[in-house]
Protein chains: 2
Amino acid sequence: MAEHPHRHPTAPRDWVDGHVDRWQPVLPELDPDIEGAVTRMQRLVRHLGRVREQGVAEHGLHKHEFDTLHVLAGRGGHAAPSDLRTDLNLAPASVTGRLEALERRGYISRTPSTEDRRKVDIVLTDAGRAAWHEALDVVGREEHRLLGVLTVEERRTLSDLLRKVMLVQEAGG
Amino acid sequence: MAEHPHRHPTAPRDWVDGHVDRWQPVLPELDPDIEGAVTRMQRLVRHLGRVREQGVAEHGLHKHEFDTLHVLAGRGGHAAPSDLRTDLNLAPASVTGRLEALERRGYISRTPSTEDRRKVDIVLTDAGRAAWHEALDVVGREEHRLLGVLTVEERRTLSDLLRKVMLVQEAGG
DNA sequence: GCACTGTATTTCGGTGACGAAATTTCGGCA
DNA sequence: TGCCGAAATTTCGTCACCGAAATACAGTGC
């Protein structure tokens, strides 16, 4: 039977339900709810990423450019490359590449730090702040469209359940 | 006040709670539960990806290689590139690249389909199936460790809420 | 002052992913 | 039959990312 045993037989099914059904005979030890939740998170995150890419493109930015400006703005407009490395979860080499591109476009400035000369001071320029701010409202619109189907209580339940999982991850293994 | 207004004041807080608090003054229109849920999904997905990458590496595979073999095995060991394209959410060009690498390693075979000559029959070889099977039990262990903190009912609730969101995404804009 | 260890950043070489365009084949329709 | 739009796959050019090594500097111990 392809139906989830505890759901209403006519409840709408998404792509992942079919995915889980296909795997059930191959890997019977699979928990349908764990597999379903993880797979849905993966696909939702990927979808939101694509939409953001496409949305900020209308403002002349790429997703990774916007993300970089975003964390920079979140830090008050000035930071060191190593700060961005942790916030963006990037390899050091990748930060350099992003900053070079943003500097060429005039969105940030890079000056050697006087206080610690290993460091580099990254400052968001006025142009950079303007670009970030223009693209800002596009981001989050899709998140609201998708999660908007949930009631306020459901949204809080979702967030709370995910927090519970996050805490296990943060505690480490 | 940094506390979420409806949660118990001493409830444990994860990294995302702090993240939301930091952005709240900058972007007051932000819904904490939407932002929290989305951010947590993003970080959980990235974490699971890293663990999977590291886990299958012990068996001489990369994450994207394992994922490809996994989907192929899930379809009974034979499929067309376009099947993988949808299952893996990839651009057509990326599928070709992955298949070429797997073919070089002897894990799959590619033969032009006789029935529809636009298509290509991809078949999992014995070596490919063995590689997949060896790495298999590593994958999913972390998912169970993390989502295992939730009760059976909570897991189903989580999966159901995410399905509700997925259906909106699948319906399109 | 000098060696040593650790940190910050960049450079280099290589790989995977993507969009766009080309190629081959299918399926319908005149 | 012969054409034509659609579908499946590959090729091509480009780009961001990563790991590892290189460079430059800071801080500590002697």
Side-chain angles (χ1 to χ4, degrees), chain A residues 42 45-47 49-58 60-72 75 78-105 107-123, chain B residues 45-46 49-50 52-54 56-57 60-69 71-72 75 78-105 107-123:
Chain A
Q42 286 170 340
V45 165
R46 188 177 283 230
H47 169 77
R50 284 197 206 290
V51 170
R52 192 151 83 249
E53 174 73 61
Q54 203 247 330
V56 298
E58 297 166 8
L61 288 176
H62 290 280
K63 182 172 96 64
H64 55 90
E65 290 175 320
F66 174 82
D67 288 342
T68 310
L69 295 177
H70 192 63
V71 302
L72 198 47
R75 283 181 173 268
H78 58 285
S82 46
D83 296 327
L84 305 182
R85 196 198 69 76
T86 57
D87 285 359
L88 296 167
N89 248 303
L90 286 177
S94 312
V95 177
T96 302
R98 287 195 181 188
L99 295 180
E100 230 159 57
L102 288 175
E103 192 178 33
R104 271 199 300 276
R105 296 191 64 172
Y107 289 162
I108 65 161
S109 70
R110 279 195 293 180
T111 55
S113 168
T114 57
E115 149 227 284
D116 183 339
R117 295 202 300 182
R118 292 171 301 183
K119 292 193 177 179
V120 173
D121 284 335
I122 300 168
V123 178
Chain B
V45 166
R46 217 174 0 175
R50 270 199 302 267
R52 193 152 80 249
E53 174 72 61
Q54 202 247 328
V56 299
L61 288 175
H62 289 280
K63 183 173 94 63
H64 55 89
E65 290 174 321
F66 174 81
D67 288 344
T68 310
L69 294 178
V71 170
L72 197 48
R75 285 182 173 265
H78 57 282
S82 46
D83 296 328
L84 305 182
R85 197 198 68 75
T86 56
D87 286 358
L88 295 167
N89 247 302
L90 286 178
S94 312
V95 177
T96 301
R98 287 194 180 189
L99 294 180
E100 230 159 56
L102 287 175
E103 193 178 33
R104 271 198 301 275
R105 295 191 64 172
Y107 289 162
I108 64 161
S109 71
R110 281 194 292 180
T111 54
S113 167
T114 56
E115 146 226 286
D116 182 340
R117 296 201 301 181
R118 292 172 300 183
K119 291 192 177 180
V120 173
D121 284 336
I122 299 168
V123 178

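Letters A, B, ... mirror the listed sequences (proteins, then strands); counts begin at 1.
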Asker: What closest approach, in Å, do His62(A) and Val56(A) show between heavy atoms, and which atom pair accounts for it?
Answerer: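 For His62(A) and Val56(A), the tightest heavy-atom pair comes out as C-CG2, 3.8 Å.
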Asker: Whole angstrom is fine here: how far is it from CZ in Arg105(B) over to P in dG16(C)?
Answerer: 11 Å
Asker: Considering only side-chain heavy atoms of Ala93(A), which listed nucleotide, dC12(C), dA17(C), dT25(C), is closest?
Answerer: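 In terms of side-chain proximity for Ala93(A), the closest of dC12(C), dA17(C), dT25(C) is dC12(C).
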Asker: Just verifying a value: how many Å separate Asp83(B) CG and Ile122(B) CD1, rounded to the nearest 0.5 Å?
Answerer: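 Going from CG on Asp83(B) over to CD1 on Ile122(B), the span is 8.0 Å.
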Asker: Is the shortest side-chain N/O distance from Arg110(A) to OP1 or OP2 of dT9(C) below 4.0 Å?
Answerer: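 Result: no.
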Asker: Here's a test of your reading of the structure: between Pro81(A) and Val95(B), which maps to the more 5' nucleotide of DNA chain C?
Answerer: Pro81(A)
Asker: Round to a whole Å and report the spacing from CG of Asp121(B) to C1' of dT9(D).
Answerer: 13 Å
Asker: To the nearest Å, how far apart are Lys63(A) NZ and dC18(C) C1'?
Answerer: 14 Å
Asker: If you look at every heavy atom in Pro81(B) and Val95(B), which pair is closest and at what distance?
Answerer: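 Heavy atoms of Pro81(B) and Val95(B) come nearest at O-CG1, 3.8 Å.
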Asker: Heavy atoms, side chains only, cut-off 4.5 Å: are Asp121(A) and Glu115(A) in contact?
Answerer: no
Asker: Between atom CD1 in Ile122(A) and atom P in dA8(C), what is the gap in whole Å?
Answerer: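 Rounded to the whole Å, the gap is 13 Å.
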Asker: With a 4.0 Å cut-off on heavy atoms, is His64(A) in touch with a base, just the backbone sugar-phosphate, or nothing at all?
Answerer: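 If one applies the 4.0 Å heavy-atom cut-off, His64(A) turns out to touch the sugar-phosphate alone, with no base involved.
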Asker: Output the rounded distance in Å from CG (Leu99(A)) to C1' (dA16(D)).
Answerer: 13 Å
Asker: Contact class for Glu100(A) (heavy atom, under 4.0 Å): base, sugar-phosphate, or nothing?
Answerer: sugar-phosphate
Asker: Is the distance from OP1 or OP2 of dT7(C) to the nearest side-chain N or O of Ser82(A) less than 4.0 Å?
Answerer: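 False: Ser82(A) side-chain N/O out of range (4.0 Å or more) of dT7(C) OP1/OP2.
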Asker: What integer distance in Å separates Glu65(A):CD from dC17(D):C1'?
Answerer: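 Atom CD in Glu65(A) sits about 15 Å away from atom C1' in dC17(D).
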Asker: Heavy atoms only, 4.0 Å cut-off, all strands: where does Ala101(A) land among base, sugar-phosphate and nothing?
Answerer: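 Nothing: the residue Ala101(A), judged by heavy atoms under 4.0 Å, touches no strand.
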Asker: Rounding to a whole Å, what distance do you find between Leu84(B):CG and dT10(D):C1'?
Answerer: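 Spelled out: CG on Leu84(B) to C1' on dT10(D) is 15 Å.
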Asker: Using a cut-off of strictly less than 4.0 Å, decide whether Ser94(B) has a side-chain nitrogen or oxygen near OP1 or OP2 of dA17(C).
Answerer: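 It does not, given that no N or O in the side chain of Ser94(B) lies less than 4.0 Å from OP1 or OP2 of dA17(C).
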Asker: Taking atom P of dT10(C) as reference, at what distance in whole Å does atom NZ of Lys119(A) sit?
Answerer: 13 Å
Asker: What closest approach, in Å, do Pro92(A) and Arg85(A) show between heavy atoms, and which atom pair accounts for it?
Answerer: CG-CD, 3.8 Å
Asker: Keeping Arg46(A) on the side-chain end and Asn89(B) on the backbone end, is there a donor-acceptor pair under 3.5 Å?
Answerer: yes
Asker: Hey, which sits more toward the 5' end of DNA chain D by its nearest nucleotide, Arg98(A) or Asp116(A)?
Answerer: Arg98(A)
Asker: At less than 4.0 Å, is any side-chain N or O atom of Arg118(A) found next to OP1 or OP2 of dG27(D)? Yes or no.
Answerer: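 The answer is no; no side-chain N or O of Arg118(A) sits under 4.0 Å from OP1 or OP2.
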Asker: When the nearest nucleotide of DNA chain C is assigned to Arg50(A) and to Asp83(A) on a heavy-atom basis, which residue is associated with the more 5' position?
Answerer: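 Looking at the nearest nucleotide for each, Asp83(A) comes out on the 5' side.
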Asker: Does some side-chain heavy atom of Arg50(A) sit less than 4.5 Å from a side-chain heavy atom of Lys63(A)?
Answerer: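 No. Closest side-chain heavy atoms not under 4.5 Å.
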Asker: Nearest to the Thr96(B) side chain among dT10(C), dG16(C), dT11(D), which nucleotide is it?
Answerer: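 The closest nucleotide is dT11(D).
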Asker: Would you name the heavy atoms of His64(B) and Thr68(B) that are closest together and state the gap between them?
Answerer: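 Taking every non-hydrogen atom into account, O-OG1, 2.6 Å.
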Asker: For the side chain of Ala80(B), starting at C-beta, report the closest nucleotide among dA8(C), dT9(D), dT11(D).
Answerer: dT9(D)
Asker: Is there a residue in residues 85-92 of chain B whose heavy atoms reach under 4.0 Å of DNA chain C, and which residues are they?
Answerer: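 Within residues 85-92 of chain B, the residues near DNA chain C are Leu90(B), Ala91(B).
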